[in-house]
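Encoded as structure tokens, the structure appears first; notes follow it.
Atoms within a ligand are numbered from 1 in the order they appear, just like the ligands themselves.
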Amino acid sequence: MDKEIQKSADFIKNAKKVSALTGAGISAESGIAPFRGNNGIWEKYDPEEYAYIDSFLKDPAKVWQMIKELIDVIFEAKPNKGHLALAEMERLGKLSSIITQNVDGLHQAAGSKRVIEFHGNNMRLLCLKCGKVVKTEKELYKEIPPKCQCGGILRPDVVFFGEPIPQRAITESYAEARSCDIMLVIGTSAIVTPAAEIPVIAKDSGAKIIEINLESTPLTNYIADISIMGKAGEILPEIVKRL
Ligand code: OAD
């Protein structure tokens with residue numbers, strides 16, 4: 001593993017532009033459960049019933065039970081060594097952007113400045129009636145579903161299944177993918193599109209792909225030039241130390 005970490009650091013040192021794509025795995029060490037696998041969110045909550053926008057619109061109170069649980073965890077969570085290492089890479093001028101599928105705001109909390117939120121953010125709520133966006137506060141969702149001052153139901157400002165990715169996030173992420181020469185792909189199962197296409201676009205545009213994950217993914221051995229099997233919170237600080 002040490003060889004791969006060193007090779008990754010060397011690639012990054014010599015690169016003109018490095019971008020990162022992150023998924024739920026980078027926040028696992030902050031106590032936020034990933035979606036898939038043992039104890040994953042989709043094991044407890046059937047995505048058919050909870051993840052689709054139609055399910056939300058049909059029964060907002062029911063889906064809010066899950067959202068409340070997820071947001072309560074985010075309020076307690078702190079950025080971990082993985083988030084902090086990426087923020088440090090940016091400060092060192094070695095990371096141009098983070099494209100994240102996470103909706104927890106922990107990259108920003110760690111100090112990262114350029115974060116593209118591909119699936120939105122649970123720490124913002126959006127009124128279904130008047131469109132107002134408010135910061136998520138515990139007070140607001142004491143009763144569910146929470147309501148806006150105008151009486152409309154508030155939803156989290158995240159992308160449900162069946163909804164498009166915000167256009168700006170698509171444009172900016174694809175531009176990053178096409179222009180970086182290294183892409184770090186961290187803690188994502190890389191099966192949910194269109195996010196999973198981002199490393200493929202980067203690879204097609206000539207970038208080298210460095211994957212950090214506990215286990216292999218569809219990218220391993222096909223798209224990834226280097227796959228480091230381990231915890232993001234342990235591997236990323238090691239890479240940054242060697243830059
Ligand atoms: P997943 O839960 O699908 O995958 C998490 C990945 O992180 C897995 O491949 C794990 O092996 C890996 N992992 C877990 N702990 C790790 C650690 N400490 N260090 C490194 N890797 C670790 O999460 P995502 O890929 O983010 O979309 O899921 C993608 C999308 O599917 C989510 O954004 C969400 C979900 O449905 C929407 O809600 C629209």
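- Below 4.0 Å from some heavy atom of Gly23 lie the following atoms of ligand 1, by number and element: 26 (O).
- A salt bridge links Lys241 to Glu238: at least one charged side-chain nitrogen sits closer than 4.0 Å to a carboxylate oxygen.
- For ligand 1, the atoms lying closer than 4.0 Å to a non-hydrogen atom of Ala24 are 23 (O), 24 (P), 26 (O).
- The nearest heavy-atom contact from the protein to atom 32 (C) of ligand 1 is Phe35 CE1, 3.5 Å.
- Checked against the 6.0 Å centroid criterion, the rings of Phe160 and Tyr52 do not qualify as a close aromatic pair.
- Every atom of ligand 1 with a heavy atom of Ala28 under 4.0 Å away is listed here by number and element: 15 (N).
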key: Check against side chain to side chain contact (heavy atoms under 4.5 Å, CB included), Arg114 and Glu176   = CA-CA 11 Å; Arg114 178 132 166 75; Glu176 288 297 298; 3.5 Å; yes
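- Val159 O, 4.0 Å is the protein heavy atom nearest to atom 38 (O) of ligand 1.
- Checked against Ser27 for a side-chain hydrogen bond (donor to acceptor under 3.5 Å, both in side chains), the options Asn80, Asp104, Thr22 give a single hit: Asp104.
- Among protein heavy atoms, atom 25 (O) of ligand 1 sits closest to Thr188 OG1, 2.6 Å.
- Looking at Asp10 and Arg242, no side-chain N of the basic residue comes within less than 4.0 Å of a carboxylate O on the acidic one, giving no salt bridge.
- Remark: side-chain polar atoms of Lys44 are not paired, donor with acceptor, to backbone N or O of Asn39 under 3.5 angstrom.
- If you look at His119 next to ligand 1, the close heavy atoms, those under 4.0 Å, all belong to the side chain.
- Side-chain atoms of Ser19 and Ser96 include no donor-acceptor pair closer than 3.5 Å.
- Considering backbone and side-chain N/O atoms, Ile212 never comes within less than 3.5 Å of an N/O atom of ligand 1.
- In terms of polar-atom proximity, defined here as any N/O pair under 3.5 Å, Lys231 makes no such contact with ligand 1.
- Nearest protein neighbour of atom 13 (N) of ligand 1, counting heavy atoms only, is Gly25 CA, 3.5 Å.
- Listed by number with element, the atoms of ligand 1 under 4.0 Å from a non-hydrogen atom of Gly230 are 19 (N), 20 (C).
- Among protein heavy atoms, atom 15 (N) of ligand 1 sits closest to Leu214 CD1, 3.5 Å.
- Annotation for Ile26 and Ala232: closest pair CG1-CB, 4.1 Å, computed over non-hydrogen atoms.
- Here is the list of ligand 1 atoms found below 4.0 Å of a heavy atom in Trp42: 35 (C), 36 (O).
- Counting heavy atoms under 4.0 Å from ligand 1, residue Phe118 does not touch it at all.
- Listed by number with element, the atoms of ligand 1 under 4.0 Å from a non-hydrogen atom of Glu29 are 17 (C), 18 (N), 19 (N).
- Remark: ligand 1 atoms within the under-4.0 Å shell around heavy atoms of Gly187 are 5 (C), 6 (C), 7 (O), 21 (N).
- Annotation: Lys81, atom NZ; neighbour count of heavy atoms from other residues, nucleotides and ligands within 6.0 Å does not exceed 12.
- Between the side chains of Ser55 and Glu49, no donor-acceptor pair of N or O atoms lies under 3.5 Å.
- Remark: ligand 1 atoms within the under-4.0 Å shell around heavy atoms of Glu215 are 11 (O).
- The option from Asn213, Ile235, Leu219 that lies nearest to atom 11 (O) of ligand 1, judged by heavy atoms, is Asn213.
- Of the protein's non-hydrogen atoms, the one nearest atom 19 (N) of ligand 1 is Ala232 N, 2.9 Å.
- Counting only heavy atoms of the protein, atom 28 (O) of ligand 1 lies nearest to Arg36 NH1, 3.3 Å.
- Inclusion of Val192 in the set of residues having an N or O under 3.5 Å from an N or O of ligand 1 is not warranted.
- With salt bridges taken as basic N to acidic carboxylate O contacts below 4.0 Å, none links Lys208 and Asp225.
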request  = Apply side chain to side chain contact (heavy atoms under 4.5 Å, CB included) to Lys132 and Cys150, showing your working.
outcome  = CA-CA 9 Å; Lys132 189 172 161 188; Cys150 81; over 6 Å; no
